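The structure presented is a predicted model; accordingly, all values stated were derived computationally and were not measured.
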Amino acid sequence: MTEMSGADMVVQALVDLGVDTVFGYPGGAVLPIYDALYKHPTIQHILVRHEQAATHAAEGYARSTGKPGVVLVTSGPGATNAVTGITDALLDSIPMVVLTGQVSTALIGTDAFQECDTVGITRHCTKHNYLVMDPDRLGPIMHEAFHIATHGRPGPVVIDIPKNVQVATGQYVIPEKIAHKSYRPQVEPDADAIAQAVAMIAASERPIFYTGGGVINAGPDASAALRQLVALTGAPVTSTLMGLGAFPSDDEKWLGMLGMHGTYEANMAMNRADLIIAVGARFDDRVTGRLDAFSPDSKKIHIDIDRSSINKIVPVDLAIVGDAGRALDAIIAGWQAAGHNGRDLGEWWRRVDGWRATRCLDFPEKKDASAEIMPQRAVKALFDATRGLDPIITTEVGQHQMWAAQHFGFAAPNRWLTSGGLGTMGYGFPASVGAQIAHPDRLVICIAGEASLQMNIQEMGTVSQYRLPVKIFILNNEWMGMVRQWQELTYESRYSNSYSDSLPDFVKLADAYGWTGLRIDNLGQLEDGIKKMIETPGPVIVDCRVAQLANCFPMIPSGAAHTEMLLQPSDVTGTMDDEAKALV
Amino acid sequence: MKIKTEAGERHVLAITVDNEAGVLAKITGLFTARGYNIESLTVADITADHALSRITIVTSGPPPIIDQIIAQLDRLVPVHKVIDLNDAGEAHVEREIALVKVAGTGDKRIEALRMADVFRAKVVDTTLTSFIFEITGTSDKVDRFIALMRECGLVEVGRTGVVAIARGSEAL
């Protein structure tokens, strides 16, 4: 126990918790903490240009390292600007601790300058939050907050600290052991359920693994366990957007992503399977399509660390609450102990290969050098050019995100950073900043759309300040492409406000920030342009002009089943009934 | 297009939580954010050190929604325990208190007093022109008493909402 100011306690706790990086922006109500940081050079503070970007950078840091991201912002607008990133972290289960300044305790509730009810506003977009009214509570709360953010299903935790609590002195206490009174998530899976799962998998003729972000969150060992279990059982694997990388995309058992923009083979296999083994995935509406037609003939095993995810959307036959990695390990052990060799899945694989033969990710394109670039081609070229470089890829949200998910392959977890649940445009670029800070020597590329990028484009200044070699690869089609695609599908191509008018000259913008700017206009320039981007030291922005009206296929339209995929533009009718329109 | 809603069954949930600022808001906010019903809610601290509160919520929904409500409540950090008192069938006791003010003179006043007697409601305050009755019982009984009082000069009602506890010797 040591007597110190609240601000010093905050910083000391960060040091004690092993935090090396804080993403933040100063302001009146956090000045004492900023002053304390000044005296602690071991903690690197990354000054962003907007608090939302601090939260996404922290997410990028967290997703690429597995460690919690830390954010420091001021009261009022600092806190409200952070809300989008906090919500994003909640929906994608990203461990994050956000420290917000607050007006002094005597001023709380008086509509003081830069006051907002931060704990009230963030109550439902955090896993947990605190308002610290007593400096003696700061030590225990800081340590407990990191525990809660990183244990069980990870998520964001907000600690709101009034300015006088930062200034006042108190006893800094490190709790010996964090044993929370009420928060005790179940990590170890139930042995009987594991035994049942082993028997169900062994008896299945048409099994499929449906994996999600929970496998990534459970750490690299969980991804290794998934690979081992797939090899043992011989079953095909598909994954959600959040789960990409847990299973290598060049493995023959990989079917690609499932869901709205998933592959035909993944969705058909889900529909026809007799057993779905869901691991750390939550049956999101983007995955299931029309619920009453979702995998009608299968038994379902659901492994999830969050009991509330089980039976929330799709009723399952066997629930396994626990850590994805431990559950997979237990199933492997059970499988081996029982001496299972797996059934002959030859007939099942023949059907899967039949669906694969549709080659659903193929796209029409012209091959001459002056031809316009199909966006899918641009992603494939980027993937080919970065093989062996083990890049970290972030994306914004929209068509480019789906093309990246479809055409960029991942061999390992923590290399694919994207906003899945909340679908936050403006996520990708600041996330790449966080990933690059965590991995200074790695190639970090943000695959962006020209519209999304502009939502946090001010972070170019942050990149310049810290000399981060981030690469932004814009698939520039001059449209909010996914909005336009839906308008074509649903609203007879009435393009209401979906054109990206008045775009900046991205090459000149790069120049203004001291970056390198490149422009790629046609197919002949594509490979050289990407090569130049990779070889150019420092930050690079590539304005890759792509076919403006290309749409993202395959696609399960709103309110349709897995078996009703649109495979090509000619499948689009342009109208929908109200029931389908009302679905997201 | 019309928006459809599903009918449900009534459930009484007993929830123990940390007795801290914001916990009630967290719980009620969960119900509004996820579109669950609250028919009644009561809360008070229940331990000698004031560390824990017990919240009794009467809600309704189809069985999968009730399961989901319990799972969602259970994962909140300050929630210690969630019990569905309906799980044991009718094996729980429910009570609600209402204070019922009735104004009037003459026959209506006499009739109000007589019915209060039948319902075992107590008179807790009186003036020459009014009574305040205190009635304790199930929500049904309270409803019926209030309905009768409407005929006898009812002017104001305050109700506590339901508190409930499981029968038998076991604790929650």
Is there a side chain to side chain contact (heavy atoms under 4.5 Å, CB included) between B/Ile70 and A/Arg307? Walk through the geometry before answering.
CA-CA 10 Å; B/Ile70 292 166; A/Arg307 180 164 78 90; 3.9 Å; yes
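- Using a 4.5 Å cut-off between heavy atoms, A/Leu131 makes no contact with chain B at all.
- Residues A/His128 and B/Pro78 come closest through the heavy atom pair CE1-CD, 3.9 Å.
- Surrounding NZ of A/Lys299 are at most 12 heavy atoms belonging to other residues, nucleotides or ligands under 6.0 Å away.
- In terms of heavy atoms, B/Arg75 sits closest to A/Asp306 at NH1-OD2, 2.6 Å.
- Neither the backbone nor the side chain of B/Ile69 comes within less than 4.5 Å of any heavy atom of chain A.
- Of the two parts of B/Val79, only the backbone, made up of N, CA, C and O, holds a non-hydrogen atom closer than 4.5 Å to a non-hydrogen atom of chain A.
- Interface remark: of the candidates B/Ala51, B/Ala25, B/Pro64, B/Ala25 forms the most heavy-atom pairs closer than 4.5 Å to chain A.
- In this structure, CG in B/Asp18 is found 14.0 Å from OH in A/Tyr183, a value given to the nearest 0.5 Å.
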TODO: Run the numbers on A/Asn311 and B/Asp67 for side chain to side chain contact (heavy atoms under 4.5 Å, CB included), then give the verdict.
DONE: CA-CA 9 Å; A/Asn311 292 328; B/Asp67 288 346; 6.0 Å; no
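- Enclosure of atom CD1 in B/Ile132 by more than 12 non-hydrogen atoms of other residues, nucleotides or ligands within 6.0 angstrom is indicated.
- With a 4.5 angstrom heavy-atom cutoff, B/Ala33 does not touch chain A via any of its atoms.
- Sparse packing is recorded around CG of B/Asp107, with 12 or fewer heavy atoms of other residues, nucleotides or ligands lying under 6.0 Å away.
- Looking at B/Gln72, the atoms closer than 4.5 Å to chain A (heavy atoms on both sides) sit in the backbone and in the side chain alike.
- Heavy atoms of A/Arg184 lying under 4.5 Å from chain B are absent altogether.
- Here the side chain of B/Lys26 pairs a donor or acceptor atom with the backbone of A/Arg123 at under 3.5 angstrom.
- No more than 12 heavy-atom neighbours from other residues, nucleotides or ligands sit within 6.0 angstrom of CG on A/Asp111.
- Top candidate by heavy-atom pairs under 4.5 Å with chain B, chosen from A/Ser308, A/Ser309, A/Pro185, is A/Ser308.
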